[in-house]
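These notes concern the structure reproduced below.
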Amino acid sequence: MQTAKTGQIVWHDLFTGDRDGSMAFYQKVAGWSYQVERAADFAWGGGARDFVLALSDGEAGAGLAETPAGLPGGWIPYAEVSDVDAAAALAKRLGGETVRPPFEVPGVGRNALLRDPLGALFGISLSRHGFPAPRRQFGPEVYLSHGAEFPAAFYAGVCGWQLPAVQPPEQTALPIFGPSGDLVALHYTAEPLAGSRPGWVPNIRVTSPRSARDAAEALGAAWTEGFAVPYAEACEYFLIAPDGAPAALSRTGTGSP
């Protein structure tokens with residue numbers, strides 16, 4: 001059944017080899033606070049383990065965990081779908097791969113982890129809670145393709161996403177719209193982060209992107225300029241955090257540049 005969240009990015013996992021270091025990094029850069037919860041049967045590895053929720057502006061849109069065996073570190077976004085099992089099966093027919101078949105997360109919902117035709121990891125979820133999509137904590141997700149064509153048929157089938165009918169050839173950032181016509185993501189065709197693979201990058205909202213960039217640099221992150229688009233807030237900087245995970249920064253609220 002389709003809901004108001006269908007097609008929205010509703011969650012992010014950060015897999016990292018240094019969870020404490022990543023927590024300290026995003027606390028300084030984005031002002032996040034944290035809540036540690038105990039999972040009786042942890043979704044990534046099983047057994048009783050602590051799981052860290054990242055909080056910002058009344059939202060909890062991300063979790064931080066040690067990188068599971070067999071998976072790379074980095075950020076993974078999860079889009080809400082009406083049927084996880086059907087979407088995962090369709091993803092395989094559309095050139096994707098099921099990295100982890102549909103599984104239950106007690107108190108949260110049903111998830112699956114996919115790999116799209118360009119190799120980007122991407123999660124799908126059917127929420128069983130009433131929390132909204134974390135739009136104050138995160139802006140539209142950013143897809144870095146390094147010049148490759150966005151796998152539009154894959155995401156149209158799995159998530160109901162659509163590219164604009166007319167795509168100006170000079171634009172390096174193109175909008176991706178959800179089933180309800182709202183902006184959910186941006187496809188960035190250039191290669192802002194040398195050495196990074198095609199994939200999804202979280203667009204973290206901060207009051208002052210420049211101050212956040214400076215804080216990130218002081219903590220050992222590399223950065224480069226972002227881009228401006230006419231239909232959304234500017235994605236002002238790209239970062240590579242000390243743990244190697246790319247992220248983007250965009251403005252929210254008011255503050256100095």
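Residues take their numbers from the sequence shown, with the count starting at 1. Nothing here was measured: the structure is a model prediction, and the numbers come from that model.
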Arg100 to Phe103, cation-pi by 6.0 Å centre distance and 45° axis angle:
yes
Expected output: side-chain [X] to main-chain [Y] donor-acceptor under 3.5 Å:
X	Y	result
Thr98	Pro101	no
Thr6	Glu80	no
Glu59	Gln137	yes
Gln8	Ala133	no
Asn203	Pro140	yes

Less than 4.5 Å apart, side chain to side chain, heavy atoms only: is that true for [X] and [Y]?
X	Y	answer
Pro72	Leu121	yes
Leu186	Leu174	no
Met23	Leu64	yes
Leu55	Gln35	yes
Trp11	Pro77	no
Ser127	Lys5	yes
Leu239	Thr224	no
Thr207	Arg251	no

Salt bridge or not between [X] and [Y]? Use side-chain N to carboxylate O under 4.0 Å.
X	Y	value
Asp57	Arg205	no
Asp182	Arg135	yes
Glu97	Lys92	no

For the residue pair [X] and [Y], what are the closest heavy atoms and their distance?
X	Y	result
Val142	Cys235	CG2-SG, 4.3 Å
Ala156	Gln162	CB-NE2, 3.8 Å
Arg213	Leu249	N-CD1, 3.8 Å
Leu183	Pro175	CD1-CB, 3.6 Å
Phe51	Gly63	CZ-CA, 3.7 Å
Ala215	Val29	C-CG2, 4.2 Å

About how many Å separate [atom2] of [Y] and [atom1] of [X], when rounded to the nearest 0.5 Å?
X	Y	atom1	atom2	result
Ile76	Trp200	CD1	CH2	13.5 Å
Asp243	Asp18	CG	CG	7.5 Å
His187	Leu163	NE2	CG	8.5 Å
Arg110	Ser125	CZ	OG	11.0 Å
Leu53	Glu37	CG	CD	4.5 Å
Ile124	Ser82	CD1	OG	10.0 Å

Show your working on side-chain contact (heavy atoms from CB on, under 4.5 Å) between Ser145 and Phe150 and close with a plain yes or no.
CA-CA 7 Å; Ser145 70; Phe150 182 74; 5.9 Å; no
Between Asp116 and Val158, does a side-chain contact (heavy atoms from CB on, under 4.5 Å) hold up when you go through it step by step?
CA-CA 10 Å; Asp116 77 12; Val158 173; over 6 Å; no
Can you check whether [X] and [Y] have ring centres sitting under 6.0 Å from each other?
X	Y	answer
Tyr188	Tyr143	no
Tyr34	Tyr26	no
Trp75	Phe122	no
Tyr78	His12	no

Ignoring hydrogens and angles, state whether a donor on the side chain of Gln27 or Ser33 is under 3.5 Å from an acceptor on the partner side chain.
no
Classify the side-chain pair Glu104/Asn111 by whether it contains a donor and acceptor separated by less than 3.5 Å.
no
Of Phe177, Phe154, Tyr155, which meets side-chain contact (heavy atoms from CB on, under 4.5 Å) against Trp161?
Tyr155
Phe131-Val52 co-clustered via ILVMFWY side chain contacts under 4.5 Å:
no
Report the C-alpha distance between Glu225 and Phe238 in whole Å, list the side-chain angles of each, state the deciding distance to 0.1 Å, and finish with yes or no for side-chain contact (heavy atoms from CB on, under 4.5 Å).
CA-CA 6 Å; Glu225 299 284 347; Phe238 288 106; over 6 Å; no
